[in-house]
2 protein chains.
Amino acid sequence: MVHEVVINDAFDRDAAITPQIYRILRERIIKNDLPPGSKLSEPELARHYEISRQPVRETFIKLSEEGLVIVRPQRKTQVTKIDFPTVLQSRFVREAVEADIVSELAGSADRALIKDLRSQLKNQLKVAKTSRPDFINEDTKFHRTLAEAAGKEIAWKFLEGLNSQMDRVRFLSLGQFPAEQLVEEHGKIVDQIERQDATQASAAMRKHLRRLINDLPKIVRENKEFFDRFDPELIDA
Amino acid sequence: MVHEVVINDAFDRDAAITPQIYRILRERIIKNDLPPGSKLSEPELARHYEISRQPVRETFIKLSEEGLVIVRPQRKTQVTKIDFPTVLQSRFVREAVEADIVSELAGSADRALIKDLRSQLKNQLKVAKTSRPDFINEDTKFHRTLAEAAGKEIAWKFLEGLNSQMDRVRFLSLGQFPAEQLVEEHGKIVDQIERQDATQASAAMRKHLRRLINDLPKIVRENKEFFDRFDPELIDA
DNA sequence: TCTCGTAAACTTCCATACAAGTCAACAAGA
DNA sequence: TCTTGTTGACTTGTATGGAAGTTTACGAGA
């Protein structure tokens with residue numbers, strides 16, 4: 001079940017080309033406009049966007065390091081399937097790091113932060129009922145706010161790299177699961193931070209991020225052709 | 001205080017060029033053969049290794065994503081200084097993830113694993129007295145073994161990306177701090193895994209990885225010109 | 001002496017040609 | 001029919017020339 005999404009493929013001929021073509025291709029892959037297995041050809045994409053092979057090639061390099069494409073020299077370049085173990089372990093890393101982040105936050109008790117978060121919660125509830133892509137943006141913002149409040153901007157950038165794989169899953173599951181529940185969990189995390197209970201705060205975050213594990217089998221079953229190395233055995237941690 | 005290190009710059013003209021030049025330059029940067037601030041020039045390096053500019057350029061792209069160099073279009077490409085906040089937050093991420101890894105391991109209690117680890121401990125003690133670079137390799141192997149035993153190979157690969165910054169610090173601190181103490185801490189981690197005490201195991205790992213925080217100010221003070229954005233205030237978490 | 005404009009010497013970025021490897025179609029022969 | 005070798009159309013990797021931007025040196029003029 002692939003949903004219609006908007007791809008921003010605006011192109012400015014006067015700006016640097018490589019970052020633009022990278023952004024476009026990355027977005028097309030994550031939003032499943034270029035589904036797993038799609039063959040990408042340097043000369044073909046170069047013709048399509050009316051540029052030379054070089055920027056396309058450099059984009060392939062970046063995407064391959066992100067695990068979004070695989071370059072087989074002299075053979076071809078393909079969009080990777082979503083690697084199941086990678087998604088699970090990305091989630092594992094996120095849980096470990098974000099649990100420690102909220103644990104730190106619970107020790108500081110910043111009034112302004114709490115206020116900001118509560119304001120975000122309201123907004124989340126509003127968009128939860130209307131637009132799923134908008135909710136994804138709000139959700140990302142919430143987690144980023146926590147990281148930055150703990151002075152972990154750089155660590156968050158690391159996590160974003162992992163998220164490219166998890167985001168592909170999120171766009172597959174558009175409209176699948178009730179966003180209201182996620183907002184409720186966010187609320188509990190904020191509550192525990194406010195109470196300055198580090199243990200409970202990190203526990204709430206862990207529970208929240210483990211939700212993906214529950215949803216994953218359903219998403220995989222409904223999109224088998226998009227996944228690779230699916231193994232139910234791996235789910236139990 | 002920069003130490004002499006061996007750079008493996010063997011070059012096979014028949015194999016793909018880009019991966020080789022990437023490996024060589026990365027190693028030279030991490031081992032401070034190319035210290036922070038060094039100017040890198042596409043044509044100059046191409047001439048030096050008798051290849052074309054193209055593989056050099058692609059290597060620049062990869063290194064810049066790793067944060068080891070910064071490419072300023074139309075200006076120049078330089079080896080970055082070691083970014084102090086990045087080092088701290090890389091360590092923070094490692095602690096969070098590795099603490100959870102040993103926590104999982106303590107729940108499984110794999111006899112073969114314990115045996116392997118104890119064997120590694122002996123070896124660590126041996127090389128600790130002779131070669132510091134060898135010890136670094138053994139240390140890395142120990143942590144990787146833990147990650148793989150927990151089925152977290154992919155998460156480990158991710159951590160390795162972070163390590164490129166921390167490794168630069170490690171090569172600066174060659175011979176600074178007694179490796180025997182690190183081995184002892186490794187031993188305590190293994191002990192707690194064997195006892196199947198998840199809480200104590202992760203605590204031991206956290207304590208072990210926090211050692212870097214203690215050593216860091218001294219390393220920075222002795223290598224001020226290699227660091228950027230040093231701020232003692234950031235050290236207290 | 002100081003300011004400012006110019007030109008030359010760099011830098012990376014992009015385009016293009018060719019090299020080398022892979023694969024698929026197809027025909028010849030058993 | 002099956003096997004096998006050849007050929008050609010692909011693929012990505014590498015080399016190289018030129019475009020566009022930046023910095024630096026330097027001299028003219030005040």
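In what follows, every chain begins at residue 1, and chains take the letters A, B, ... in the order their sequences are listed.
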Quiz item: Does the ring of F92(B) carry K152(A) above it, NZ/CZ under 6.0 angstrom from centre and within 45° of its axis?
Solution: yes

Self-check item: 5' precedence on DNA chain C between Q74(A) and I17(A) (nearest-nucleotide basis)
Solution: I17(A)

Quiz item: Can you name the residues that form a side chain to side chain contact (heavy atoms under 4.5 Å, CB included) with R26(B), not counting sequence neighbours?
Solution: Y22(B), I30(B), L63(B), E66(B), L68(B), S164(B)

Quiz item: Do the side chains of H186(A) and Q120(A) get nearer than 4.5 Å, heavy atoms only?
Solution: no

Quick one: which protein N/O atoms are closer than 3.5 Å to N/O atoms of nucleotides 6-9 of chain C? Pair and distance per line, please.
none

Exercise. Using distance alone, with no hydrogens and no angle criterion, decide if R170(B) and T140(B) have a side-chain donor and acceptor under 3.5 Å apart.
Key: yes

Exercise. Mind running a 4.0 Å heavy-atom check of residues 46-57 of chain A against DNA chain C and sending the residues that fall below it, in number order?
Key: I51(A), S52(A), R53(A), Q54(A), P55(A)

Exercise. Between T18(A) and K39(B), just flag the one whose closest nucleotide in DNA chain C comes earlier from the 5' side.
Key: K39(B)

Quiz item: Rounded to the nearest Å, what distance is computed from the NZ atom of residue K62(A) to the C1' atom of nucleotide dC13(C)?
Solution: 12 Å

Quiz prompt | Flag if over 12 foreign heavy atoms under 6.0 Å of NZ, K62(B) | solution = yes

Quiz item: Between dT12(C) and T77(B), is there an OP1 or OP2 to side-chain N/O distance shorter than 4.0 Å?
Solution: yes

Self-check item: Donor-acceptor contact present, side-chain D110(A) to main-chain L113(A), <3.5 Å
Solution: yes

Quiz item: Checking all strands, does I61(B) fall into the base, sugar-phosphate, or nothing category for heavy-atom contacts under 4.0 angstrom?
Solution: nothing

Exercise. Pick base, sugar-phosphate or nothing for I21(B), based on heavy-atom distances below 4.0 Å to the nucleic acid.
Key: nothing

Quiz item: Looking at T59(A), T77(A), V56(A), which one forms a side-chain contact (heavy atoms from CB on, under 4.5 Å) with L45(A)?
Solution: V56(A)

Exercise. Return the orientation label for the H208(B) and H143(B) ring planes: parallel under 30°, perpendicular over 60°, tilted otherwise.
Key: parallel

Quiz item: With sequence neighbours left out, what residues match E138(B) under salt bridge (Lys or Arg N to Asp or Glu O under 4.0 Å)?
Solution: none

Quiz item: Starting at NZ of K76(A) and ending at C1' of dT22(C), how long is that distance when rounded to a whole Å?
Solution: 11 Å

Quiz item: Along DNA chain D, 5' to 3', what are the outermost nucleotides having an atom less than 4.0 Å from a heavy atom of chain A?
Solution: dT11(D) to dT14(D)

Quiz item: How long is the line joining CD1 of I70(B) and P of dT12(C), in whole Å?
Solution: 13 Å

Practice problem: May I ask you to decide whether R206(B) forms a salt bridge with D100(A), counting only side-chain N to carboxylate O separations under 4.0 Å? | Solution: yes

Practice problem: Send over the distance from E58(A) CD to dA15(C) P, rounded to a whole Å. | Solution: 10 Å

Quiz item: Got a sec, which residues hit side chain to side chain contact (heavy atoms under 4.5 Å, CB included) with A15(B), two or more places apart in sequence or on another chain?
Solution: D12(B), Q20(B)

Quiz item: When the distance from CZ of R72(A) to P of dT22(C) is rounded to whole Å, what number comes out?
Solution: 13 Å

